[in-house]
Amino acid sequence: MMKYVCNVCGYVYDPEYGDPDNNIEPGTRFDDLPDDYECPICGVGKEDFSPEE
Amino acid sequence: MSDFFQPVKLTDTVYWVGVIDWDVRDFHGYSTMRGTTYNAYLIVTDRVTLIDTVKESFVPEMMSRISRIVSPEDISCIISNHAEIDHSGGLPRVASMVKPDRILASKMGVRTLREHFNHCELNLEEVKTGDTLDLGTRTLRFMETRMLHWPDSMFTYMPEEKLLFSQDAFGMHLATAERFADLVGPTIVYREMAKYYANILLPYSDLVLKLLDHLEASKMKIDIIANDHGPVFRRDIANVIGWYRQWAEQKPTNLAIIVYDTMWGSTQKMAKVIADGIYKGGGRALIMPMGGSHRSDVATELLHAGALVVGSPTLNNNIFPTMADVLVYLKGLRPKNLIGAAFGSYGWGGEAVAHIRGYLEEMNIDVQSEKRVKYVPDDADLDECYQMGITLGYRLAENSQ
């Protein structure tokens, strides 16, 4: 599963671990995150994330 | 009675109780040739509140100022708008002296303060955007400003005085005995504020624009900006906010910043000829030799530029170390809308120019041209440098229209 990087602060969303701060279960793909998902560090939305190269 | 270390009254209820750091010249890699201040503010109503603290070593000076207004134990609440140590370093000591009922910070602020001061118990409470705190005759409203410039950053607004406690935003590293920006030379204020923006806030320019739009839409009236560094603004607030918008937009100008270092003068000669060409083509150029310029001053000049042109000799098959320093630094600041070029001399190998191109491309700078010269440039080489400058000058003039 593809990891996504926050363009603003560099946080990496890793689907394997999910995002406990936002109650996202491990195994959740980035595409399946809710539309109002926010970066747990800097608070920007999904549109400010890019696939990790 | 001695009357040094006096607070400064800003409004009926708000006092500056910060400290002036005349001595600091290096602020985590940013040259602060005019020193700085760490601003803290005391709000004196029925519930005395302290906004931010200072670097740990300056706590006694801040406490002296506070003691001239109230007894420190009267402080019932401390607000941490920013968890960086120059504003929070004094918090554990102040909290142990004052024993406030509450210490408030944003959600990320609480987390960050805990990660800094894990050795002491601070009774931290989270506040979020829109939360308010009733101080009797005054109110405080909180607004998270994440990544401006740390995850924890937060504004605190007092509507009754139209006063914005803006933490590092709208600040500058500038030590002055005057507490209001309108009492300081306007050129110095502009210059130091631009330097602060370029070196601290530039990477978050998109968020700055969003915040400015939000402030405009919310019709928040601001008469006073009480920042965490440098003098306080009580006049020309629209100008100050306008500067931030201009810097955040990063519209390219016709100015090229040429940074270089040199071993035997060849790369230096190329820099000067490229600069001449840029003028010929309709642009402007500023040459900054990295043997004596500070990376943070390059960042400041780049804030008002349209091109970054970089020259380095090849030393032991590598880019010259001073050039790696400035390029790594600038890359972190994520400048936008720039064109660029690379040049340099070499004896053998000649890898430096390719290294420069690599850095510039990683910064999404549109690299127009490059030029390498073996040992010493001859007339034909210098003609090529001149042509390279002319083409850059055309593009700069075009892009800045």
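Applying the ring-ring contact (aromatic ring centres under 6.0 Å, His included) criterion to Y359(B), with sequence neighbours excluded, gives no partner residue. In this view, Y197(B) and Y244(B), W247(B) satisfy the ring-ring contact (aromatic ring centres under 6.0 Å, His included) rule, not counting sequence neighbours. Judged as a salt bridge (Lys or Arg N to Asp or Glu O under 4.0 Å), and not counting sequence neighbours, K221(B) has no contacts.
In this structure, chain A has a heavy atom under 4.5 Å from the side chain of L207(B), while its backbone stays farther away.
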Donor and acceptor N/O pairs, chain B versus chain A, under 3.5 angstrom:
unit_1	atom_1	unit_2	atom_2	d
R111(B)	NH1	D21(A)	OD2	3.1
R111(B)	NH2	D21(A)	OD1	3.4
R111(B)	NH2	D21(A)	OD2	3.2
R334(B)	NH1	N7(A)	O	2.7
R334(B)	NH2	V8(A)	O	2.8

